Amino acid sequence: MSEVDLCGVTLRGPILNGSGTFDAIAARRVFGDALLERFPFDCFVSKTITLQPREGNPPPRLWETASGLVNSIGLPNKGLARFLELDLPSLAELPVPLCVSVMGFSHEELAALVEAVGAFDEVSLVELNLSCPNVETGTLVGADPDETAAALRAARASTDKPLIAKLTPSAADPAGVAAAAQGAGADAVSLINTLKGMPLHPGTHQPWLGARTGGLSGPAVRLVAVEQVASVAARVAIPVIGMGGVACGRDAADLLAAGATAVAVGTESFRDPAAGRRIGDELAAFQSACKAT
Amino acid sequence: MSEVDLCGVTLRGPILNGSGTFDAIAARRVFGDALLERFPFDCFVSKTITLQPREGNPPPRLWETASGLVNSIGLPNKGLARFLELDLPSLAELPVPLCVSVMGFSHEELAALVEAVGAFDEVSLVELNLSCPNVETGTLVGADPDETAAALRAARASTDKPLIAKLTPSAADPAGVAAAAQGAGADAVSLINTLKGMPLHPGTHQPWLGARTGGLSGPAVRLVAVEQVASVAARVAIPVIGMGGVACGRDAADLLAAGATAVAVGTESFRDPAAGRRIGDELAAFQSACKAT
Amino acid sequence: MSVATEPRTLAPPERRIAEVKGVERVGAYDLIVARDPIGPADPRPGQFYMLAAGERWGGGDRERPYLPRAFSFARARPLPGGQGVDLSFLLEDVGPGTHRLGELAAGEPLALLGPLGVGFTRPRQDQRALLVGGGIGVAPILCWDDELRADAVEAPVLLGFRSARHAEAAALFAGSPDVSTDDGSTGRRALVTEPLRAELERDPRAIVYACGPEPMLDAVRELCSALGVPAQLALEAGMACGYGACFGCVVATADGYARVCVDGPVFAAEALA
Amino acid sequence: MSVATEPRTLAPPERRIAEVKGVERVGAYDLIVARDPIGPADPRPGQFYMLAAGERWGGGDRERPYLPRAFSFARARPLPGGQGVDLSFLLEDVGPGTHRLGELAAGEPLALLGPLGVGFTRPRQDQRALLVGGGIGVAPILCWDDELRADAVEAPVLLGFRSARHAEAAALFAGSPDVSTDDGSTGRRALVTEPLRAELERDPRAIVYACGPEPMLDAVRELCSALGVPAQLALEAGMACGYGACFGCVVATADGYARVCVDGPVFAAEALA
Ligand SMILES: Cc1cc2nc3c(=O)[nH]c(=O)nc-3n(C[C@H](O)[C@H](O)[C@H](O)COP(=O)(O)OP(=O)(O)OC[C@H]3O[C@@H](n4cnc5c(N)ncnc54)[C@H](O)[C@@H]3O)c2cc1C
Ligand SMILES: Cc1cc2nc3c(=O)[nH]c(=O)nc-3n(C[C@H](O)[C@H](O)[C@H](O)COP(=O)(O)OP(=O)(O)OC[C@H]3O[C@@H](n4cnc5c(N)ncnc54)[C@H](O)[C@@H]3O)c2cc1C
Ligand SMILES: Cc1cc2nc3c(=O)[nH]c(=O)nc-3n(C[C@H](O)[C@H](O)[C@H](O)COP(=O)(O)O)c2cc1C
Ligand SMILES: Cc1cc2nc3c(=O)[nH]c(=O)nc-3n(C[C@H](O)[C@H](O)[C@H](O)COP(=O)(O)O)c2cc1C
Ligand code: FES
Ligand code: FES
């Protein structure tokens, strides 16, 4: 597998996990040190951390759909302080660089989060999850170029660490939002986050999820991701981290061909914790085969 | 099956076809008069007609993906004049009310189309396909509330026939667009149209489709449709025609529970030309079972 | 909207379930025989059916297949007393759909729609019919040969295959077709257009019926137009519906795009762009 | 991050392929035996595995299943010489995933991850173990009973089923468990909590191990807390991953939501909210 430079951080390969789709601490409890010996990703992205602790949404939180999953997890997390105290030391033991994903519900929160996590040497990259509602308008910050730029400026002023803007696919013009993020100091963009979806109870036809609506991921959204990655990569100069429904090496190759520098695996890891490694291997075999010819 | 009132038009049941997913004239060539005796829909929606004839996009136009289809058909059609001359008489022979779908690349075109088709008694409803690029900005008219309202006003002034605004799912706020359409005189809204997607050639990783990108449909998008139908229905007072990945009676029931007045079947008809009828029967059985209990 | 003249047998307007009678390996191909209880017993050679496994159609490579797949019928044997018809399909495993269909076992359900499209038109009295099949493209040639034989129409059959393993399909033909292979592992080492050229140069008052891979059809087209011989080509195209609903299966013709599934799959070579 | 004390056998960090040895109908259920060549031979009773058919997982009702499914192992028989382990799973067909798994045949591949979660903790010397299983929830009770027997720990087994057909699963147990059915078609016509109450009133110095449908577990919980008897409940929850990755399988506990797959599936009744 050939190394990848992501915003000055050297990765042993191009495969990351999608934020919130792999808990390395829980996985180590389940798989022991074998997890570290055969760690599936080339860079580990934490679940999104918020300033205050969050319980997350009431269950049920999962719905399986055609070739995909709808989730309404709701960003449960310990909150910044306890994340830094309890989780960061364990995550620092991982054999790959660490990216911490954060979400702020205001620019002040965002600045505080970015400054705090960016201060740790163990943290190589910081990802901003922009799929958060604007507290006034209720619309997603990441759906609007101006709000996205404003959020990036707040974060940019608070750290020198590479900043990744995680875009929402619900924007009318994702490439425009990506360009705004780049203009406001983002070092990279990542996409796609989940598509908004609403499963109903098969019997009552009332919303199944405790939070009523959730996010769709998995192969069902893969070609939406390829299209958005291609249009974003064509518009910005900074690296693009592509994700959405990647389940095999060819899917990863599709995103790289669409202009991505690295690829993240999310839902497929739920089917196999080693999916990231398998996909990386398939991709490498595939790439050397192409070089050969 | 119980009758449905759609903008004053009485339908024998709630099942329509999605525009562009059933060619009743070709189907009659293939199935003969048996098609009319067992016609699968309760209202027939024509393929989208434009003022000038269109050849459509270069092949390949189809890509099968996980639980779905990506198409780049490109609205091939005879153009208004020859549609009225050659197709309308045949469509008038169908045993169900007729809705003609039109797309105008300017307000003048739109007005001309709506006025022309609306003048025919055979035409009970007119659907405006708003998934058309704004010639100046390149963005979709249907993604923007103001542009949508302007298009509706142009159409509204040109006919008294019920107008259905076919929304695009690529809007940041579909409910806002729907409200704008209602405010400008739409008698109903229909959604969802296809999601933008881009399949790549498995070998070359270049765009597979002759038109590079296409639209994703089928079960893969079903829960995105349920969510958008629910949010739109919660926002507008006019009837909502729900579609997107409907493959069985329960899927149709989901959309009705989400607030739709009628349901359209698209891609599932490609798997079985009788899908619309089967889905209507399953829905009816389902509904009477619910009433029974 | 009548098109009485085209060689088309109408299909029931719904997908139905046939029962798989058997799946047999024929060299590199699978021969599936299925009992269609409802459909017409007289599909026209060149027409096709949309097939899908009755169960578990999906979950293969990249979560496919999802849509049904198009297959020319290779044989249609009417059952006594209008009890339906046994349809044969010859399949090449090239992806998740054909792979799944090849895994079907006797007794399992096969979802089917058809017959679809327009078939071959019969030769005029003064035309000698020449049948040309390449690879899996022999499927429609097989039933066309059966029919012409039944009517005592003498029609040489020229088949081309990749290798001897593929050429085993030639044994399905009633007569003894002329066989060429790319690697010479059996029959003549040649492209099927070579024996065709010889036949046409011997006697150009012929009409050619061909089905096979695109390069072969292109070569047949070129040859025939050069010699002024009419040809009917059975084309393939990626399809979603098979009955004209999706407009996805177009091919360029002299007057614009045509849908392979309703205007074809058999086209007069001259009509193609 | 050490949790040395919890009754958990670690799992290899990847999904692997086991070979189906047989699928047997046991009354209303399917008993699948699969040979796991790599995994540990000593999963802890109460732990579970994520299973998926090795082929054609998908294309069922509404194009599902897509994700693997969680199943408690019902038995684990180590093979001589560390040749792996034969794992038994007891399945109830309630949807596309269990339906597809029930269709597996000997020799077919079964994709598997595990063992996962934490199992039952052993009773203290002064505690009499009482095992309670309801319906398909008897699966983990079966291997727990096997283990306690092997260690000569006397532990009454109380089982409840819908009907005699479901109660056939009781025959899988080594001893002769007490059987209640909802319809009285076999054994006592009662909810399993009735014999449990009798046992606990006779001698409350016990610990209850229970697995079954939610209403049953609620009743067991209520009964035990009323009598001050500790209980360990094996819970179910909709899961995507089974190893703590998705945060989807939560249950409310005294200190917030806990993930059934990593913090459970076995929970002390007292710990639940
Ligand atoms: C009228 C007609 C008659 C036919 N008769 C026969 C016959 O008698 N016997 C026979 O074996 N075949 C026949 N075919 C071809 C047959 O339909 C295809 O081989 C079949 O559809 C392949 O499906 P698959 O899933 O196995 O392979 P696929 O994976 O679908 O691959 C088949 C081809 O489709 C393209 N492709 C690959 N992936 C995709 C995708 N995701 N979406 C869209 N296209 C893709 C590629 O070009 C590939 O070579 C016929 C086709 C037509 C149109
Ligand atoms: C730790 C654990 C151990 C288990 N052990 C066993 C065992 O030993 N034997 C056994 O038979 N079962 C066991 N189960 C239950 C088993 O996992 C489920 O029965 C199985 O997942 C059902 O899958 P299915 O596709 O057959 O049914 P599904 O269609 O998934 O339906 C099962 C239930 O899931 C819900 N549901 C329905 N549709 C969806 C959807 N689209 N998305 C999400 N949820 C949906 C409904 O509540 C439904 O009742 C266990 C579960 C857990 C968590
Ligand atoms: C269960 C679940 C939880 C997720 N949590 C987060 C999160 O905390 N932060 C975030 O930025 N994205 C989150 N995502 C989105 C994923 O990171 C990824 O963008 C998306 O799932 C698409 O990739 P996939 O199809 O490979 O899963 C989550 C996705 C899933 C399925
Ligand atoms: C092949 C194809 C062609 C379509 N053509 C049109 C069209 O001409 N006009 C239109 O408004 N929608 C068109 N659509 C969108 C459908 O009407 C429908 O909105 C969409 O496919 C979602 O429904 P489904 O998932 O049931 O197919 C087309 C869809 C497909 C798959
Ligand atoms: S396959 Fe749909 S129109 Fe031909
Ligand atoms: S199933 Fe994913 S965290 Fe429990």
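Note: hydrogens, waters and symmetry copies are ignored here, and every other heavy atom, side chains too, is used. Below, chains carry the letters A, B, ... as their sequence lines are ordered, and counting in each starts from 1. Just so we're clear, the structure is a prediction, and the values are computed from it rather than from any experiment.
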If I take atom [atom1] from residue [X] and atom [atom2] from residue [Y], how far apart are they, to the nearest 0.5 angstrom?
X     : Y      : atom1 : atom2 : value
A:S72 : A:K196 : OG    : NZ    : 12.0 Å
A:D42 : A:L6   : CG    : CG    : 11.0 Å
B:L62 : B:I73  : CG    : CD1   : 5.0 Å

Given heavy-atom pairs under 4.5 angstrom as the criterion, report whether the side chain, backbone, both or neither of A:S170 touches chain B. backbone
Using non-hydrogen atoms only, which part of A:A253 is less than 4.5 Å away from chain B: side chain, backbone, both, or neither? both
Going by distance alone, is a donor N or O of one side chain under 3.5 Å from an acceptor N or O of the other, for A:S190 and A:E127? yes
Can a side-chain donor-acceptor contact be found between A:S131 and A:N193 if the only test is distance below 3.5 angstrom? yes
Going through the checks in order, is the side chain to side chain contact (heavy atoms under 4.5 Å, CB included) test met by A:L140 and A:L130? CA-CA 7 Å; A:L140 293 181; A:L130 298 173; over 6 Å; no
Within a strict 4.5 Å, meaning less than it, do heavy atoms of the B:L209 and B:P199 side chains meet? yes
Check whether any side-chain heavy atom of A:P14 sits under 4.5 Å from a side-chain heavy atom of A:L283, and report yes or no. yes
Can you classify the ring geometry of B:H205 versus A:F286 as parallel (below 30°), tilted (30 to 60°) or perpendicular (above 60°)? perpendicular
Should A:T194 and A:V221 be marked as a side chain to side chain contact (heavy atoms under 4.5 Å, CB included) after you check the CA-CA gap, both sets of side-chain angles, and the distance that decides it? CA-CA 8 Å; A:T194 55; A:V221 308; over 6 Å; no
Just checking heavy atoms, which of residues 231-252 of chain A are less than 4.5 Å from chain B? A:R250
Answer with side chain, backbone, both or neither: which region of B:D173 has an atom nearer than 4.5 Å to a non-hydrogen atom of chain A? neither
Kindly determine whether B:D272 and B:E268 satisfy side chain to side chain contact (heavy atoms under 4.5 Å, CB included), including the steps that lead there. CA-CA 7 Å; B:D272 178 0; B:E268 185 66 10; 5.5 Å; no
Do you know which of A:V226, A:L195, A:L216 has the most heavy-atom pairs under 4.5 Å to chain B? A:V226
Within residues 64-71 of chain B, the residues sitting under 4.5 Å from chain A by heavy atom, in sequence order, are B:T65, B:A66, B:S67, B:V70
Among B:T168, B:V229, B:D254, B:V224, residue most engaged with chain A (heavy-atom pairs, under 4.5 Å): B:D254
Does the side chain to side chain contact (heavy atoms under 4.5 Å, CB included) test come out yes or no for B:M198 and B:L200, once each step is laid out? CA-CA 7 Å; B:M198 180 164 94; B:L200 301 184; 3.9 Å; yes
